[in-house]
Amino acid sequence: MSEQTSTTIRAGEPDQPAHRYTADLAARIEAQWQDRWHSEGTFRAPNPAGPWADPEQVAGREKLYILDMFPYPSGAGLHVGHPLGYIATDVYGRFQRMRGRNVLHALGYDAFGLPAEQYAIQTGAHPRATTEANIANMRRQLRRLGLAHDDRRSPATTDVDFYRWTQWVFLQVYDAWFDAEADECRGRARHVDELRAELASGTRPVPGGGTWGGLSSAEQRRVIDDHRLAYLSDALVNWCPGLGTVLANEEVTADGRSDIGNFPVFKRNLRQWKMRITAYGDRLLADLDGLDWPDPVKHMQRNWIGRSEGATVRFTTERGDISVSTTRPDTLFGATFVVLAPEHPLVDALVPGAWPDGTKPAWTAGAGDPTSAVAAYREVAAAKTDLERQAEGREKTGVFTGGFATNPVTGRPVPVFVADYVLMGYGTGAIMAVPAQDERDWAFATSYDLPIVRTVQPSADWTGEAFTGDGPAVNSANDEVSLDGLGVADAKLRIVEWLQRKGLGESTVTYRLRDWLFSRQRYWGEPFPIVFDEDDQPRALPESMLPVLLPDVENYRPQTLDPDDAVSEPIPPLSGAGDWTTVELDLGDGVRTYRRELNVMPQWAGSCWYELRYLDPENASAFVDPQNEAYWMGPRSASDPGGVDLYVGGVEHAVLHLLYSRFWHKVLFDLGHVTSSEPFRRLFNQGYIQAYAYRDGRGQPVPAAEVVEGADGSWSFEGAPVTREYGKMGKSLKNVVTPDEMYDAYGADTFRVYEMSMGPLDVSRPWETRAVVGSLRFLQRLWRNVVDESTGGLRVTEAPADLASRQSLHRAIEGVSRDFEALRFNTAVAKLIELNNTLTKLDAVPRELAEPLVLMTAPLAPHLAEEMWRLLGHQTSLAFEPFPTADPALLVLDAVTCVVQVQGKVRDRLEVPPGIGEDELRVLALASEKVTVALAGREIRTVVVRAPKLVNIVPV
RNA sequence: GCCCCCGUGGCCCAACCGGCAGAGGCAGGCGCCUUAAAAGCGCUUCAGUGCGGGUUCGAACCCCGCCGGGGGCACCA
């Protein structure tokens, strides 16, 4: 940190009262209490079992597991936006601890991954060295915040003790297969040994027929490997030369570029590890219902999984059947052509030597024969990136294969096209095109001169083209079945029933979700616990050989590649690890030489299960002791999935991290390693703290802190006008404000109170440094109510409080408790300020008011509260003091104001007892002179009475 | 193009079940303290809820249509 950043704004000038609550005093108090919490281990949560077993401390207290999405330790350090969620969970945790809960709250580091590696490449240092330095800096910045974390539970995913268990979890996934019939067809992961046993005993048929014993051991292994939840596949993957690695679908943006770095991404066929997350599609979807998550996140996950119900229908051709996918089997009579994806395996077989009779000029792309037309089209399609396919304005292109298929309901031949608007990776890679009821098919049919037959009658006022709405079926009958007159839903049922009976098709469920690409050609990640034998087949290492340590390499940088070079080959950095790349092992059939897997796991691997490791981070014999998992995360009832009690983080992880970790957790659940079926029972998305940035006349950002606002609302920097924009904080925008600056200028407690008071936790809002002083003033007034600013002595009196003050106190207790419980920290702060402001007006504050106020402030401003609690004569930390409870008798007011309305407009106010009856109130209201004036002689139609607060008199 | 969320004093935000538009903070104003100053203290001004309709005794809140801001998805058959 440079000297200049220590700020010029400072609370507490030298000639102030000696004991005023200033930034300097706050810093002293805060350091003192942080040291004491640390040395006393105040926030260490006892476990029921494992290395830290302390069953006595656990007994009799309800548990609460609070979790923040753990940070990536960036070299840039924190800005004031980062701690928002951490402060919120800390306030909530401290509150619940005072409510008697055994609170587990900790923070580790998600330290593998691309950014760390790229930073290491830039600086030339070892990624581990820079990562650990960054973690140390973040730990320092966060310790200064006074978070009540269990400091023993702070693993980094890059710790050998941690990634050993990431590799172990990988082995569990690798050694599992998905039995779709298990659990009444919900499906469940089981160990592959059980699959092998069922195949060997004949209870499960061997794929491809024959007996298990009839297969060679290599063939047997291939059958098993084909079932594993982690498997190698030769498939189209997202190859990003700019990053030198392949990427998961989730890491590629809609315009075909990398999420990180914004480089072009190309489709390439490569042999890569995948995770069979699609097997869990149904459960990942269905189990969302039982989660207490924000609806938008559930919505995004549902969209991403993209379950759709439809049918597969077989169209016959002379060269074999084409299975087409559709969600609208009811429109089958209107299917006037078939479209295959360019990569569809049947394309070559279908293409005849010459264009058949009836080929229209528009279908051939000007080629002399189908073979060259299709070959040319495929070449063009393959060379296109997703971005280019988008950029062409979605104009549908394609070419006739020269082949025909038979529509199974009309019996008529329909031409078969190849077009890249059909994707090989979705459904069967083939569609029946129904232009009258599908906009894409309509667009294709009109540009390629193909027939359009309406099979759903559009509404009378329909003027559009393809009609995708509901309506009665028309033109949809053959000798055996008629859909005419049926609505869409009924027509679907009838035609699917007919297709199934005739063996022409069946209803199917299709997912947008694809299997998860799990290999990365990077250095800074977890090595796979996998080696390859001389036949190039993968072999898992036994648990006893874990961890597989990440070796040192000379060059962390993957091969430098041209970001636009689509045909470049990925070269993993670990290929440069020398001797490490091969290993002599005995895996059961004697010592042999094996080649190591040189890819590493993606960054998501560690975050897929870290919440489990916090429970038992020093357990060397298990990834978590089963008792600890059951205690902290186990389900509380039959309908409860279990999981973390409160998980707070940004909405940017709605799909990636939250879907992957749910998947791994379910595998671990199925295999009996955990009792919770979901990792995160309750999720809360915090908003972002954003900031204004300013640009000068040339569009260059200027330091935001030095921009001044004129009286007319304009902004200027060094006298020159600047423009303002709103967005993220970032170095390049010169608008970063750091927690360190806030600690120096105001202290951590003021910073905490300000962040919590800015607005609701889930709403994004702009940072405004000049407003922070309001929170400092509040804490100063609170301090002054308890402590004499000039002597440092106590100001509170032992005299009893008056009734009005007591009532204010108990109203505050009631409201603040409710607000904390509901994560409404902004309104809790407001109520505390309000109460404190009423106490300020007293000559001296009675202890019976001061103590509860201090306790209520403690979750928000813990250092200051602890210090005042100590001055009030208490020896021990207030962390476990019971949170004040409201006395119901003091919440009842002597009188309430009743509003008297005439036709909804307030005309009078009456002071009435809170228990007043409806009839009595009606009489009082009608007797009001102001009401009489407002009525102006009109007759009364009705009187609405809501005792004791409102009467509404409605004239005729 | 489709879907979701949000629009309240100059600014950040409250308003619990549809019932007095205002809790709190910033900024502004007035005053006190001070040799002077303020990030100290006290007092205080300020909106009818983005716009247009509707439902209701009564709408910031419910419904419909616009406008503005933010986010997600985007050839998924």
Side-chain angles (χ1 to χ4, degrees), chain A residues 9-13 15-17 20 22-23 254-255 294-297 299-300 303-304 306 308 310-311 324-328 331 339 386 389-390 394 396 419-423 425-434 438-441 443-444 510-514 651-652 654-655 687-688 690 709 713 726 745-746 753-754 757-760 762-768 770-778 780-781 784 789 815 818 822 824 826-834 837 840-841 897-906 909 941-944 946 949-955:
Chain A
I9 40 174
R10 221 147 214 288
E13 297 303 319
D15 59 342
Q16 295 202 330
R20 171 160 293 175
T22 60
D255 51 359
D295 283 332
V297 176
H299 193 241
M300 281 186 252
N303 281 346
W304 191 264
S308 63
V324 305
S325 308
T326 179
T327 54
R328 293 291 304 275
T331 63
V339 186
D386 286 356
R389 277 163 71 158
Q390 297 282 327
R394 289 208 223 163
K396 305 280 178 289
D420 67 1
Y421 81 94
V422 174
L423 310 174
Y426 188 78
T428 58
I431 61 156
M432 60 180 216
V434 188
D438 185 288
E439 282 158 12
R440 296 155 302 184
D441 298 343
F444 194 83
T510 311
Y511 297 92
R512 203 187 86 109
L513 179 71
R514 313 293 166 79
V651 73
E652 72 270 19
V655 174
Y688 299 102
Q690 301 190 301
E709 184 175 354
Y726 179 57
Y746 301 101
V753 169
Y754 176 64
S757 67
M758 289 169 79
D762 54 351
V763 172
S764 295
R765 65 242 81 158
W767 177 263
E768 194 181 4
R770 67 175 183 178
V772 180
V773 69
S775 299
L776 177 67
R777 286 185 192 137
F778 161 52
Q780 278 181 338
R781 284 199 294 270
R784 197 179 295 121
E789 276 192 336
R818 266 207 336 246
R824 288 192 301 254
N826 54 327
T827 51
V829 172
K831 288 177 177 102
L832 290 170
I833 292 174
E834 191 182 9
N837 286 351
T840 304
K841 295 178 178 68
T897 305
C898 176
V899 177
V900 185
Q901 301 177 334
V902 175
Q903 202 159 14
K905 295 215 161 41
V906 180
R909 292 185 172 82
R941 179 146 66 105
T942 182
V943 180
V944 179
R946 295 278 181 274
K949 297 188 79 168
L950 179 126
V951 178
N952 189 9
I953 297 159
V954 187

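Throughout, a chain's letter reflects where its sequence line sits, starting with A, and its residues are numbered from 1. Keep in mind that this is a model prediction, so the values were computed, not measured. No hydrogens, no waters, no symmetry mates; every other heavy atom, side chains included, goes into these values.
In this structure, A/Ser775 reaches neither bases nor backbone, as no heavy-atom distance under 4.0 Å exists between it and the strands shown. Backbone-only engagement by A/Thr326 is indicated by non-hydrogen atom pairs under 4.0 Å involving sugar-phosphate atoms exclusively. When heavy atoms are screened at a 4.0 angstrom cut-off, A/Thr510 is found touching no nucleic acid atom at all. Backbone-only engagement by A/Asn837 is indicated by non-hydrogen atom pairs under 4.0 Å involving sugar-phosphate atoms exclusively. As judged by a 4.0 angstrom heavy-atom cut-off over every strand, A/Thr428 is placed among residues making no nucleic acid contact. Across all strands, A/Ala771 comes closer than 4.0 Å only to sugar-phosphate atoms, never to a base (heavy-atom distances). If you check every strand for non-hydrogen atoms under 4.0 Å, A/Asn303 touches nothing. Contacts of A/Val763 with the nucleic acid, taken as non-hydrogen atoms under 4.0 Å apart, involve only primed sugar atoms and P, OP1 or OP2. In this structure, A/Leu950 reaches the bases: a heavy-atom distance under 4.0 Å links it to at least one base atom across the strands shown. Within 4.0 Å (heavy atoms only), A/Gln901 reaches at least one base atom of the nucleic acid.
With hydrogens and angles left out, the side-chain atoms of A/Ser764 and A/Tyr726 include no donor and acceptor closer than 3.5 Å. Side-chain contact check for A/Ser308 and A/Thr510: no donor-acceptor pair (N or O, by modelled atom type) lies under 3.5 Å.
Judged by distance alone with a 3.5 Å cut-off, no donor-acceptor contact links the side chain of A/Lys949 to the base of B/C20. A donor-acceptor contact under 3.5 angstrom links the side-chain atoms of A/Arg909 to the base of B/C20. Between the base of B/G58 and the side chain of A/Gln903 there is no donor-acceptor pair shorter than 3.5 Å.
In this structure, A/Glu439 places its CD atom where only 12 or fewer heavy-atom neighbours from other residues, nucleotides or ligands lie under 6.0 Å away.
Only the C1' atoms considered, B/G71 is 28 Å distant from B/C26, to the nearest whole Å. For B/C3 and B/C61, the C1' atoms lie 23 Å apart once the distance is rounded to whole Å. Look at the C1' atom in both B/A23 and B/G9: the space between them is 14 Å, to the nearest Å. Here the separation of B/C32 from B/A37, taken at their C1' atoms, is 14 Å to the nearest Å. Between B/G48 and B/A21, the distance separating the two P atoms is 14 Å to the nearest Å. Distance noted for atom C1' between B/A59 and B/U49: 11 Å (whole Å). Spacing between B/G70 and B/G24 at atom P, rounded to whole Å, works out to 32 Å. Comparing the same atom, P, in B/G18 and in B/A60 gives a spacing of 13 Å after rounding to whole Å.
Out of B/C26, B/C20, B/A23, the shortest distance to the side chain of A/Val906 is found at B/C20. When the nucleotides B/C57, B/A23, B/C11 are ranked by their closest atom to the side chain of A/Arg941, B/C57 comes out on top. Considering only the side chain of A/Asn952, B/G58 comes nearest among B/C26, B/G58, B/A21. Taking every side-chain heavy atom of A/Tyr421 into account, B/C75 is the closest of B/G42, B/C20, B/C75.
B/C26 is paired with B/G10 under the Watson-Crick or G-U wobble criterion, all donor-acceptor distances under 3.5 Å. Pairing for B/G52 is with B/C64, a Watson-Crick or G-U wobble pair whose two hydrogen-bonding atom distances lie under 3.5 Å. Nucleotide B/C41 has B/G31 as its partner under the Watson-Crick or G-U criteria, with both atom distances under 3.5 Å. Taking a pair to require two hydrogen-bonding distances under 3.5 Å in either a Watson-Crick or a G-U wobble arrangement, B/C16 remains unpaired.
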For this session: For the pair A/Gln903 and A/Ile953, evaluate side chain to side chain contact (heavy atoms under 4.5 Å, CB included) and give the outcome as yes or no after the intermediate values.
Result: CA-CA 6 Å; A/Gln903 202 159 14; A/Ile953 297 159; over 6 Å; no

Problem set entry | Check against side chain to side chain contact (heavy atoms under 4.5 Å, CB included), A/Asn837 and A/Ile833 | CA-CA 6 Å; A/Asn837 286 351; A/Ile833 292 174; 3.6 Å; yes

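Applying the 4.0 Å criterion to OP1 and OP2 of B/C41, one finds that A/Arg784 has a side-chain N or O inside that range. Here A/Arg777 does not reach the OP1 or OP2 of B/A39: none of its side-chain N or O atoms lies under 4.0 Å away.
In this structure, the side chain of A/Thr326 does not engage the main chain of A/Ala311 through any donor-acceptor pair within 3.5 Å.
In this structure, B/C17 shows a glycosidic angle within 90 degrees of zero, which is the syn conformation. For B/G42, the base adopts the anti conformation, since its glycosidic angle falls more than 90 degrees from zero.
Checked against the 6.0 Å centroid threshold, A/Trp767 and A/Tyr754 count as a close aromatic pair.
Along RNA chain B, the nucleotide closest to A/Arg512 and the one closest to A/Val772 are compared, and the more 5′ of them pairs with A/Val772. Comparing A/Val773 and A/Pro766 against RNA chain B, the residue whose closest nucleotide sits nearer the 5' end is A/Pro766.
Seen from the ring of A/Tyr421, A/Lys396 counts as a face-on cation partner, given the 6.0 Å and 45° thresholds.
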